Each structure stands twice: as C-alpha cells, then as structure tokens.
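See structure below.
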Amino acid sequence: MRKVTLLLDDGTQFHGESFGFEKPVAGEVVFNTAMMGYPESLTDPSYAGQLMTLTYPLVGNYGVPPFTMEANGLSTFMESDKIYASAIIVSDYSTEYSHWNAVESLADWLKREQVPGITGIDTRQLTKVLRENGVMMGKIIFDDEPDNIPEASYEGVNWVDKVSCKDIIRYNEGAGKKVVLVDCGVKHNIIRCLINRGVEVVRVPWNYDYTQMDFDGLFLANGPGDPDMCEEAVNILRRHMDNTRKPICGICMGNQLLAKAAGATIYKLKYGHRSHNQPVREVGTTRCYVTSQNHGYAVDATKLSKEWRELFVNMNDGSNEGICHTVNPWFSSQFHPEACSGPVDTEFMFDRFIETL
C-alpha cells in the first residue's frame, strides 16, 4: 500500500497507508466515536466535504452490504445513492471481512466510488488534537507525489445546495396525509420512517417555495455545513409560519433552520457531535435518551423569541438539542431519531409528528 501523510492546517502530520482510491484530497477533518456503522456514515450527505476519522480502532471487519435500491427509490442498506464523505481515516483496516450481508470489502467499495481511505493513523491521538484545537482543514498527500497538494474549503461553502435534490420526488403517492420534506441532504431512513407511518412524502429541493402547495405537514431534513448559508430556506420557512399553523418537524439541519426562523442564531461547535452515544435530556423531565448525532453547528437557544422554548439539551455540554413552539405544533431535534446507524431510542419523534397532522 502506498504511503500517505495527513497534514493538518496547524502543521501536524500523521503518517499512514492508502487502502482506498488513490488520489490526494482535502477537506474538514472530523471524528466519529461510533463503534460501527461506516456504510451508513459514509453515505450520509451530512459528511459532504469532510475527512471522516473513526476512533474505533478496527474498521472493515464486517465488509459492505449490497448497494441495492428498493422499488420506492430508497437504498436498502445505505443512507443515500453514493458515498458523500471525502475520505475515511482509520487506525487498523481489516483486509478480511465476515458478515452474512457483506458482498465486498470496504477497500473495494471505496475504490469503486473513487474515495480515498487511509489506515495506520493513530486516530485517538488525532482526535485529541481535534478536541484540543477544534476541527480543522486537512490534506491527504501521497508521499511519492509530494508536489500534488490538493486544496479545498469548507466554511463559506453552501454544502446543502451541493447535496439537495434538484427536482420534486414523491414517495408513497396516494397515501393518507401529505408531508412536504425539505431536502437539505436527507438520509433515506428519515424518508423510510415517514412512509412506514402511512403518509405521502413530497421531497423538494432545499430552496423550493412550497408555501403555495397543498399539504398537511412540513418536515425539515438534515444536511451538511453551515445553516447560515441557507437563508433562502429560512425566508421561505418564515413565510410559511406567518400564514399557517400546519405541523412542522425538523431534524439536525432542520432544527437549526427552524431555530433561525424563530429568531435564534447559530454558532460552530469546537469539534461537533458525531457518535452513537450522545446523552440528551427532554427539558422539563428526567427522561434522558441515548442518541445518534452528526453535526458541527449548534443553536444558541438564548436568542429564541418568547414563543419558543428548548425541547432537548445535551447532557455533555449543555448545547441545544431541539426546540418547540409553546402553542403551535412546531418542534425539532438536533439528534437523529431515525438513527441508522445507532440507537433507536427516539424514533417516537416521528410518531409525535404524525399525531399532529
């Protein structure tokens, strides 16, 4: 395997070997502390533009499931139609895999989708650097091509526009209630959780004006990058909220867009929440849930207008994990109630939304 160097913006270097597609790449270096779920994470559009570091040391030992699509257009085992992460960084890549549902190795999949993967990196030391200094840009450079240095930027880029659908897509047509889903980079399991509850889903681009459409509820999906780049979506949402009390539910980026429409501001977390084990408490109760998360920005809930309140808070750092309106059926979660991969403790959020339609 070819020797590679991971070079961080602060000059820190980590040396390893390539096991994926052989091309230099640059992006924002982030870490995920989940113990499994690399097929789902790699295909999560929220990782667009990022070099994903996995802290769990052994990766690849259960291979990759088939990339099959269902009749409704959703992938069976993945979270989108392709890999969105710019690269994957692991400590120990397992060349041998064993799983009842595996059809190929992680390396073969990465090569087929032209995504770099590097191994032999001390990912826990890398994570310490990112925790102490905050996430930063990084470059994967091949040692035998020292002059082939990639360039990329993350902040200031509208990543939502890059991953959102471009046309309206309908699922479960003719079913009971109709839900408009604003696609900021939606995971397929969010759509699946909705259609499994018997509603028709109309998936629209992130900046589509749905205010004149006929529907029963609005769903704001997850997505990558800075929500402050999505002012078009926020303005459309504000117009919608000014003219109707129809139910609204948001997840991840959807929480941030709803909060911006409610008057709050957004700030960037030092190193984000990317894991399967984030503890979240429902405000006003002693109920605490284990949640799956993937986000680098958070809501400053102190700036919410008086008609809104926090619905969930993170028990590790006290950051906002969801908001709700005090009168109207509008609420959201910063975590992923559809999990996939991760714990399914909070899938009841979909039930709450369906009950309000």
Side-chain angles (χ1 to χ4, degrees), residues 25-32 34 37-54 75 78-89 113 115-116 130 134-138 152-166 181-191 203-208 219-234 237 250-260 266-275 278 292-299 319 321 332-336 338-342:
V25 67
E28 185 179 56
V29 185
V30 301
F31 64 89
N32 184 321
Y38 54 81
E40 294 90 345
S41 292
L42 284 168
T43 54
D44 181 352
S46 292
Y47 276 110
Q50 295 179 325
L51 312 184
M52 183 173 66
T53 303
L54 301 184
S75 57
M78 308 294 187
E79 286 305 305
S80 66
D81 58 344
K82 66 175 184 177
I83 294 176
Y84 278 91
S86 294
I88 185 172
I89 302 167
E113 298 228 6
V115 176
L130 298 178
V135 296
M136 63 185 86
M137 296 297 290
S153 58
Y154 189 79
E155 294 189 37
V157 177
N158 188 341
W159 289 102
V160 166
D161 186 59
K162 290 179 178 291
V163 304
S164 175
C165 65
K166 305 307 178 187
L181 183 148
V182 180
D183 179 10
C184 299
V186 65
K187 292 172 62 182
H188 281 187
N189 208 43
I190 290 177
I191 303 173
R203 179 180 174 184
V204 302
W206 71 279
N207 57 353
Y208 186 84
F219 205 97
L220 310 172
N222 65 293
D226 185 352
D228 285 339
M229 301 300 297
C230 301
E231 205 59 39
E232 284 182 77
V234 175
L237 179 57
I251 290 177
C252 198
M253 173 68 76
N255 174 59
Q256 296 163 1
L257 297 181
L258 185 63
K260 281 175 64 66
I266 307 296
Y267 65 96
K268 187 164 186 176
L269 293 165
K270 187 175 182 180
Y271 45 79
H273 298 155
R274 298 175 181 89
S275 66
Q278 289 285 330
S292 176
Q293 301 198 13
N294 175 19
H295 62 101
Y297 294 82
V299 171
S319 61
E321 291 285 356
S332 58
S333 67
Q334 186 62 58
F335 53 87
H336 284 264
E338 85 288 350
C340 203
S341 57

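Bear in mind that the values here come from a model prediction, so they are computed numbers and not experimental data. In what follows, every heavy atom counts, from backbone to side chain, and hydrogens, waters and symmetry copies are set aside.
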Considering non-hydrogen atoms only, spot the tightest contact between [X] and [Y] and give its length.
X      : Y      : result
Ala152 : Met137 : O-CE, 3.3 Å
Ala87  : Val115 : CA-CG1, 3.9 Å
Leu51  : Ile89  : CB-CD1, 4.0 Å
Asn255 : Ser333 : CB-O, 3.5 Å

Sequence-distant partners of [X], salt bridge (Lys or Arg N to Asp or Glu O under 4.0 Å), two or more places apart:
X      : answer
Glu79  : none
Arg203 : Asp183
Lys162 : none

From [X] [atom1] over to [Y] [atom2], what is the distance, rounded to the nearest 0.5 angstrom?
X      : Y      : atom1 : atom2 : answer
Asn207 : Glu232 : CG    : CD    : 4.5 Å
Leu258 : Met253 : CG    : CE    : 13.0 Å
Asn222 : Ile190 : CG    : CD1   : 4.0 Å
Trp206 : Cys165 : CH2   : SG    : 12.0 Å

Partners of [X] by ring pair (Phe, Tyr, Trp, His ring centres under 6.0 Å), sequence neighbours excluded?
X      : value
Tyr154 : Trp159
Phe219 : Phe350, Phe353
His273 : His295

Can you find a pair of side-chain heavy atoms, one from [X] and one from [Y], that are under 4.5 Å apart?
X      : Y      : answer
Asn158 : Cys230 : yes
Tyr297 : Gln256 : yes
Ser86  : Gln50  : no
Pro224 : Val163 : yes
Met136 : Leu130 : yes

Any residue meeting side chain to side chain contact (heavy atoms under 4.5 Å, CB included) with [X], in chain and number order, not counting sequence neighbours:
X      : value
Ala221 : Leu181, Val186
Asp228 : Asp226, Lys260, Ile266
Tyr208 : Ile168, Val204, Pro205, Tyr210, Met213
Ser341 : Met36, Glu40, His276

Item to check | Result of checking Glu321, His336, Gln278 against Gln293 for side-chain hydrogen bond (donor to acceptor under 3.5 Å, both in side chains) | outcome: Glu321
Is a side-chain donor or acceptor of [X] paired with a backbone partner of [Y] at a separation under 3.5 angstrom?
X      : Y      : result
Ser153 : Glu155 : no
Lys187 : Cys340 : yes
Ser164 : Val160 : no
Thr53  : Val30  : yes

Checklist entry - In this structure, which one of Asp44, Ile88, Leu42 forms a side chain to side chain contact (heavy atoms under 4.5 Å, CB included) with Ile83? => result Leu42
Item to check | Residues forming a side-chain hydrogen bond (donor to acceptor under 3.5 Å, both in side chains) with Tyr47, sequence neighbours excluded | outcome: Asn32
Checklist outcome for this item: For Asn189, the side-chain hydrogen bond (donor to acceptor under 3.5 Å, both in side chains) test, sequence neighbours excluded, returns Arg192
Checklist entry - Ser75 and His188: side-chain donor and acceptor closer than 3.5 Å? => result yes
Item to check | More than 12 heavy atoms from other groups under 6.0 Å of NZ on Lys268 | outcome: yes
